[in-house]
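Worksheet: the structure to be examined is printed underneath.
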Amino acid sequence: MIMAWAGMVAGMALAFAGYFGGFGAFLLVAALGAVGFVAGRLLEGDLELGDFFRSRERGGRRR
């Protein structure tokens, strides 16, 4: 229920930004929301910063 509520609030914020500020404001709100989401996951410990910078290895060799 809480995730549905947060999704609804985020959708409403994007709708208001798109309606009143145009497409540029919509993109800005969406980008800042994504940054806030990642920062929150980092602070909660669900995500590690090294996950973004580590290379993926397949079959013992790097690409």
How long is the gap from CZ on Phe37 to CG on Leu42, to the nearest 0.5 Å?
10.0 Å
Is it true that Leu27 and Val29 fall in one hydrophobic cluster, defined by side-chain heavy atoms closer than 4.5 Å?
yes
Quick check: closest heavy atoms across Ala25 and Ala17, and the distance to 0.1 Å?
CB-O, 3.6 Å
Can you tell me if Met12 has over 12 outside heavy atoms packed within less than 6.0 Å of its CE?
no
State plainly whether one hydrophobic cluster holds both Phe23 and Leu14, where clusters connect Ile, Leu, Val, Met, Phe, Trp and Tyr through side-chain heavy atoms under 4.5 angstrom apart.
yes
With hydrophobic residues grouped by side-chain heavy-atom distances under 4.5 Å, do Tyr19 and Phe16 end up in a single group?
yes
